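What follows is a set of notes on a single structure, which appears directly below.
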Amino acid sequence: MNLVSSIDTEIVDISLSAGRILAQPLASQLDFPHWDNSAMDGYAVRFTDVETCTPEQPAILKVVETIAAGSQPQLVIHPGEAARIFTGACLPLGADTIVMQEQAQLQDEDRVAILNSPSVLGEFVRHRASFYQAGNTLLESGTLIKAPEIAILAAAQCQQLTVFRRPRVVVFSTGDELVSIGQSLQPGQIVDSNHYALMVFAAQAGAIPTYLGIVKDEEKATKNMVAQAIAKADIVLSSGGVSVGEHDYVEKVLEALGAEIHIRSVAVKPGKPLTVATFPQLPHQPIYFGLPGNPVSALVSCWRFVAPALKKLSGIKDNWKPEFIKARSQHNLRSDGKRETYLWGKLDLVAGNYEFSLAGGSQNSGNLINLAQTTGLAMLPVGKTSISQGEEVEVLKI
Ligand SMILES: Nc1nc2c(c(=O)[nH]1)N[C@H]1C(S)=C(S)[C@@H](COP(=O)(O)OP(=O)(O)OC[C@H]3O[C@@H](n4cnc5c(N)ncnc54)[C@H](O)[C@@H]3O)O[C@H]1N2
Ligand code: MOO
Ligand SMILES: [Mg+2]
């Protein structure tokens, strides 16, 4: 099953490129550094002039010019000569080593005593092309752009760049019991809270989320909503209506709309009735995630299954797989062992070791309250019924 469709690209300005994913490899015609330059404030010297000097027998050199960052050296440094130089300034011809000013003493206006010999030829010189050679790949396609990558793009004078388009995630909710946030609640009704969580989940994953609303538990209305959602989505996230109840229409409607259903349920708790489908007949190849309605189940399904799919669809090259971390459990963890079980809580780094603390209150997939502040999901594989306090547990980092 290949659920990853190709996503097209767009050109963005560098100032808007943070969080985007490069869609073309980047190269530069410039070497980095562009020219030999000084890594210290000090003196540019010839190594052979200073290699044996000591505080008792300093090398006395003639200072022939001063080179500040941004200026061009005018003179060649001959034996017995030095140039006053500052960090980032071009190394003058003839010089091959920098002595930092803490190791030098100015004798008079144009003579300097070098007190200690540099440890190697070329000390404190940043050589041309020692960081990067022109023409090589600077950033690969599929690179997520963050602060360091922005700096590289800028240094390479890349003002506009080609990135993958943000995936379009369309969200809707199913359920007769759902009302929107501003409505007064009648008995039996609850607020459609899932869509708020799903919209934020999608946005934080770098997608452009759109909310289509609440659809009643009716076959025809659900079909219309699904048809509308798949028409404009790369990924659809619906919640509810995927279990076995008589009012659960999502799977039936997907089939009626020609979907290929890849997954009808997963041996995962919470989040068993997860439906995953694609539409081979649609050119833009949307991926449909019918998430379970229980608020915890919906988000756990997102963290465990949707997040990797969304990352991969976004064009990112590395780190799209779920990240499990070994942690010491601060509590006894229980499962019935029948499904891969996720228990929610906090993943903390304490004195260099990860610790997992189970959220207090009910670990019930309908309990959205104690899901607050969750940073990790402890995973008990099928067949594992308990992990004792102090034992190691795999934790999905979220
Ligand atoms: N006989 C069986 N019943 C159920 C099974 C099963 O295997 N056999 N599985 C259970 C599991 S596990 C889950 S999870 C739920 C999933 O059901 P659905 O995806 O069909 O979701 P709904 O029935 O529509 O709703 C479940 C629950 O979640 C609340 N909900 C729904 N949407 C929202 C929303 N947008 N915001 C907040 N809360 C929402 C809804 O009111 C229900 O309480 O099925 C079990 N049943
Ligand atoms: O997936 Mo249900 O996941 O246990 O409430
Ligand atoms: Mg149901």
Side-chain angles (χ1 to χ4, degrees), residues 169-183 185-202 209-219 221-223 225-226 229 236-255 259 261 263-277 288-306 333-344 359 361-372 374 377-382 385 396:
V169 171
V170 174
V171 175
F172 72 90
S173 304
T174 73
D176 287 343
E177 74 280 31
L178 303 178
V179 295
S180 51
I181 196 163
Q183 279 174 261
L185 292 172
Q186 303 303 315
Q189 294 184 327
I190 58 169
V191 172
D192 166 18
S193 57
N194 280 353
H195 92 262
Y196 284 96
L198 299 178
M199 295 286 284
V200 167
F201 161 79
T210 309
Y211 173 55
L212 294 187
I214 301 165
V215 66
K216 293 274 181 209
D217 289 321
E218 291 163 12
E219 188 172 343
T222 306
K223 191 174 174 185
M225 184 63 107
V226 172
V236 178
L237 301 178
S238 67
S239 68
V242 287
S243 187
V244 292
E246 275 150 38
H247 302 282
D248 297 330
Y249 289 111
V250 170
E251 243 181 66
K252 196 173 174 194
V253 154
L254 286 169
E255 278 165 348
I261 302 200
I263 295 170
R264 291 175 194 272
S265 71
V266 288
V268 167
K269 183 182 181 172
K272 179 176 67 167
L274 172 72
T275 300
V276 183
Y288 193 101
F289 286 89
L291 305 169
N294 279 314
V296 178
S297 311
L299 270 179
V300 168
S301 305
C302 282
W303 290 325
R304 178 63 186 81
F305 297 108
V306 182
L333 308 176
R334 299 265 170 273
S335 155
D336 63 10
K338 292 182 187 151
R339 293 186 259 161
E340 186 171 294
T341 297
Y342 289 84
L343 301 169
W344 50 100
S362 172
Q363 292 269 326
N364 178 303
S365 62
N367 181 8
L368 76 171
I369 307 301
N370 74 342
L371 196 60
T374 294
L377 299 173
M379 189 273 285
L380 277 70
V382 173
T385 53
L396 178 68

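As the structure is a computational prediction, the values presented were derived from the model and not from experiment. Both ligands and their constituent atoms are indexed starting at 1 by order of listing. Computed from heavy atoms alone, side chains included, the values below leave out hydrogens, waters and symmetry copies.
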The single option from Asp192, Thr210, Val226, Ile214 passing side chain to side chain contact (heavy atoms under 4.5 Å, CB included) against Phe172 | Val226
Return yes if some donor-acceptor pair links the side-chain N/O of Asp248 with the main-chain N/O of Gly245 below 3.5 Å, else return no.
-> yes
Any idea which protein heavy atom is nearest atom 2 (Mo) of ligand 2, and the distance to it?
-> Ser297 OG, 3.6 Å
State if Gly366 counts as touching ligand 2 under the rule of any non-hydrogen atom under 4.0 Å.
-> no
When rounded to the nearest 0.5 Å, the distance separating OG of Ser365 from NZ of Lys269 is 8.0 Å
Consider ligand 1: state whether an atom of it lies below 4.0 angstrom from any non-hydrogen atom of Ser297.
-> yes
Report yes if the side chains of Thr275 and Leu254 come closer than 4.5 Å at any heavy-atom pair, otherwise no.
-> yes
Side chains of Trp344 and Leu299 in contact at under 4.5 Å (non-hydrogen atoms) | no
May I have the step-by-step check of side-chain contact (heavy atoms from CB on, under 4.5 Å) for Phe201 and Val306, ending in yes or no?
-> CA-CA 10 Å; Phe201 161 79; Val306 182; 3.7 Å; yes
Considering only non-hydrogen protein atoms, determine which one is nearest to atom 1 (N) of ligand 1 and report residue, atom name and distance to 0.1 Å.
-> Val244 CG2, 3.6 Å
Below 4.5 Å, heavy atoms only, C-beta onward: do Arg304 and Glu340 meet side chain to side chain?
-> yes
Tyr196 and Tyr211, any side-chain heavy atoms less than 4.5 Å apart = no
What protein heavy atom sits nearest atom 35 (N) of ligand 1, and how far off is it?
-> Asp192 OD1, 2.8 Å
Pro270 neighbourhood, listing ligand 2 atoms whose heavy-atom distance to it stays under 4.0 Å = 1 (O), 3 (O), 4 (O)
Take the Mg ion (ligand 3) and tell me which protein N, O or S atoms are nearer than 2.8 Å.
-> Asp248 OD1, Asp248 OD2
Numbering as shown, the atoms of ligand 1 that approach Lys272 to under 4.0 Å (heavy-atom distance) | 6 (C), 7 (O)
For atom 5 (C) of ligand 1, the option (of Gly175, Gly241, Ser243, Ser193) bearing the nearest heavy atom = Ser243
Give the C-alpha distance, both sets of side-chain angles, the deciding distance and a yes or no for side-chain contact (heavy atoms from CB on, under 4.5 Å) between Leu178 and Ile190.
-> CA-CA 5 Å; Leu178 303 178; Ile190 58 169; 3.8 Å; yes
Atom 5 (O) of ligand 2 has as its nearest protein heavy atom Ser365 OG, 2.3 Å
Rounded distance (nearest 0.5 Å) linking atom CD of Gln363 with atom OG of Ser335 | 11.5 Å
Between Val242 and ligand 1, find which residue part has any heavy-atom pair under 4.0 Å and reply side chain, backbone, both or neither.
-> both
Compare all side-chain heavy atoms of Ser193 with those of Leu368 and state whether any distance is below 4.5 angstrom.
-> yes
Check: Val296 main-chain N/O paired with Asn294 side-chain donor or acceptor under 3.5 Å = no
Per side chain to side chain contact (heavy atoms under 4.5 Å, CB included), His195 is matched among Ser180, Pro209, Ser173, Ser239 by Ser173
Between Asp248 and ligand 1, which residue portion shows a heavy-atom distance shorter than 4.0 Å: side chain, backbone, both, or neither?
-> side chain
Can you tell if the side chain of Ile261 reaches within under 4.5 Å of the side chain of Tyr288, non-hydrogen atoms only?
-> no
Among all protein heavy atoms, pick out the one at the shortest distance from atom 43 (O) of ligand 1; state its residue, atom name and that distance to 0.1 Å.
-> Asn294 OD1, 4.0 Å
Any Leu396 side-chain heavy atom under 4.5 Å of Met379 side chain | no
With a 4.0 Å cut-off on heavy atoms, does Val191 reach ligand 1?
-> yes
Picking from Leu198, Val242, Asn194, what satisfies side chain to side chain contact (heavy atoms under 4.5 Å, CB included) with Leu291?
-> Leu198
For atom 1 (O) of ligand 2, what's the nearest protein heavy atom and its distance?
-> Gly271 N, 2.4 Å
Protein heavy-atom partner closest to atom 41 (O) of ligand 1 - residue, atom, separation in Å | Glu177 OE2, 2.5 Å
Any idea which atoms of ligand 2 are less than 4.0 Å away from a heavy-atom of Pro273?
-> 1 (O)
Lys272 N/O under 3.5 Å from ligand 2 N/O | yes
Should the proximity of Asp217 to ligand 1, defined as any heavy atom under 4.0 Å, be assigned to the side chain, the backbone, both, or neither?
-> neither
Within a strict 4.5 Å, meaning less than it, do heavy atoms of the Asp217 and Thr222 side chains meet?
-> no
Quick one: look up the protein heavy atom nearest atom 30 (N) of ligand 1 and list residue, atom name and how far away it is.
-> Gly293 O, 3.2 Å
Ligand-residue contact atoms, ligand 1 with Ser173, heavy atoms, under 4.0 Å = 35 (N)
Check each of Pro270, Pro273, Ser243 against Pro292 using the side chain to side chain contact (heavy atoms under 4.5 Å, CB included) test, and report the only one that passes.
-> Pro273
Relative to the heavy atoms of Ile190, which atoms of ligand 1 are at a distance of less than 4.0 Å?
-> 37 (C), 38 (N), 39 (C), 41 (O)
Given Gly271, Pro273, Ser239, which one has a non-hydrogen atom that is nearest to atom 11 (C) of ligand 1?
-> Pro273
In terms of residue, atom name and distance, what is the protein heavy atom nearest to atom 34 (C) of ligand 1?
-> Asn194 ND2, 3.2 Å
Under a heavy-atom criterion of less than 4.0 Å, does His195 contact ligand 1?
-> no
